[in-house]
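We count ligands from 1, going down the list as the structure has it; atoms in each ligand are counted the same way. Worth saying up front: this structure is predicted, and the values here are computed from it rather than measured.
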Amino acid sequence: MEYNVNDVAQKIMEGIQKEYNGFETVNVMVLGKTGVGKSTLINNMFNEKISDVGVGKPITRDIKKIKLPGFPLAIYDAPGMELGGDFNVDKLLNSVIDVIDNQVKGGDISNAIHCIWYCISTPSHRFEQTEIEFLKKLLCKTEEYDLHVIVVLTQSYSKKDAKILKQEIEKENLHIVNVVPVLAENYEIDDEYTAKAYGLDRLSIVMNNVIPETVKKTFAAIQKVNVDLKIDLAHKIVASAAALAAATGAIPIPFSDAAALVPEQIAMIGGITAAFGISMDQGTIMALISSTIGATGATVLGKTIVANLIKLIPCAGNVIGGVISGATAAALTTALGEAYIAIMVMVCNGNLSVEDLSSDSGKNEINRIFCEQLKIDRQKNGDTKELE
Ligand SMILES: Nc1nc2c(ncn2[C@@H]2O[C@H](COP(=O)(O)OP(=O)(O)OP(=O)(O)O)[C@@H](O)[C@H]2O)c(=O)[nH]1
Ligand SMILES: [Mg+2]
């Protein structure tokens, strides 16, 4: 079977798009007074700057729904109790409960709110009686729906103050999941001292533990603070692709038909890319293909792709010209998947940019990572023998 590198790149892009389109939207409600740092929190947690783009649609007098087209996250931005002013705590509570009820009653579970962040600013040093009452009533409602409330202590540049406030809140024994101190952005205290941002990774773990299974995949992909969540998801994708490849190869396939495996690996690469929330254009993907599987010409044979991969995996030398077993097909898929994950982690951590991927030096670097990763896999398998 003949593959054009362009076609393979095109297929991978379609695979990524398909993954993104298949993501269930994560719905988060964020409550907190004006200026506590709700927008800053959201913008530093997720891959897209969602909060200040002015596309908020008022869905009640107080509550705005913010959603970017094509990005599977909806934020329900609600004010907290403002002291003074004409704000009425009961009115706010009713609006919040109305939104929660309506989302559920719409019948479409994917519209339900999946998590609530209740934001309190640490420098305010206050957990007021009105807030306690408000939270108690809110929690009665959320428990009905198995919806969880996380208290986020924002602007916590003083860890000491955050700790005191956290203890004060915990003393109330409310049914909140957790109180998480966060400094979403570095905070300049004076010319000499800047408090470093922290806590968003902790918030992502707490949140991941309480949201429904159906949206965990989306959450791992769209958050940008916890690479481990993405890696876990990517490993699952590799494992199921390997299982699928093993099944395909379970009936020993003649090597000349090994190209039958390629679509599964294309789908896997698409899934991993989406898990990392990275969007890549066709040129970048083509560069990636040529530097990893060595398909440098415009057209490659599926057989060549598989042959190049096989050379890189342990104990596979003897299959050349013979048949591929299920185990070999699985090993090949795993090696490719793990190497690709290693590259995505570098992109995610800022050690490699998407632009780098298509430059000459970038290609060499990818090739090096790829070979190194495969060597690690090989050592893990207790096989140190060099293959041709
Ligand atoms: N350095 C730093 N500044 C923060 C942080 N959180 C909030 N701020 C600042 O506090 C101010 C208010 O933050 P916002 O994120 O706009 O607060 P908000 O809750 O969205 O406010 P409203 O939309 O008006 O309700 C801004 O000037 C932010 O830059 C933080 O973690 N670090
Ligand atoms: Mg805001």
N/O separation below 3.5 Å, Gly37 to ligand 1: yes

Polar side chain donor-acceptor pair, Tyr340 to Thr273, under 3.5 angstrom: yes

Ligand 1 atoms in contact with Tyr187 (distance to a heavy atom under 4.0 Å): 1 (N), 2 (C)

Aromatic plane relationship, Tyr118 with Phe134 - under 30° parallel, 30 to 60° tilted, over 60° perpendicular: tilted

Ser39 backbone or side-chain N/O/S under 2.8 Å from the Mg ion (ligand 2): yes

Check ion pair Lys217-Glu19 (N to O, under 4.0 angstrom): yes

Contact atoms of ligand 1, heavy-atom distance to Asn186 under 4.0 Å: 1 (N), 2 (C)

Close-contact set for ligand 1 against Thr40 heavy atoms, below 4.0 Å: 5 (C), 6 (N), 7 (C), 8 (N), 13 (O), 14 (P), 15 (O), 28 (C)

Sub-4.0 Å heavy-atom approach of Leu183 to ligand 1: yes

Proximal ligand 1 atoms for Ser39, defined as those under 4.0 Å from one of its heavy atoms: 15 (O), 18 (P), 20 (O), 23 (O)

4.0 Å heavy-atom contact, Gly35 with ligand 1: yes

Distance in Å, Leu183 CG paired with Tyr157 OH, rounded so as to fall on 0.5 Å steps: 9.5 Å

Ionic contact status for Lys11 with Glu14, cut-off 4.0 Å: no

Passing option when Thr218 is tested against Phe23, Tyr20, Phe71 for side-chain contact (heavy atoms from CB on, under 4.5 Å): Phe23

Residue Lys33 vicinity, atoms of ligand 1 by number, heavy atom under 4.0 Å: 19 (O)

The single option from Arg126, Lys33, Gln155 passing side-chain hydrogen bond (donor to acceptor under 3.5 Å, both in side chains) against Ser121: Gln155

Summary of salt bridge (Lys or Arg N to Asp or Glu O under 4.0 Å) pairs that have at least one residue in residues 152-168, sequence neighbours excluded: Lys166-Glu170

Selected option - heavy-atom contact closest to atom 9 (C) of ligand 1, from Lys64, Glu185, Gln155: Gln155

For ligand 1, the portion of Glu188 having any non-hydrogen atom under 4.0 Å away: neither

Neighbour count above 12 (heavy atom, 6.0 Å) for Asp191 CG: no

Asp77, portion touching ligand 1 at heavy-atom distance under 4.0 Å: neither

From Ala184, Ser156, Ala197 - option closest to atom 31 (O) of ligand 1 by heavy atom: Ala184

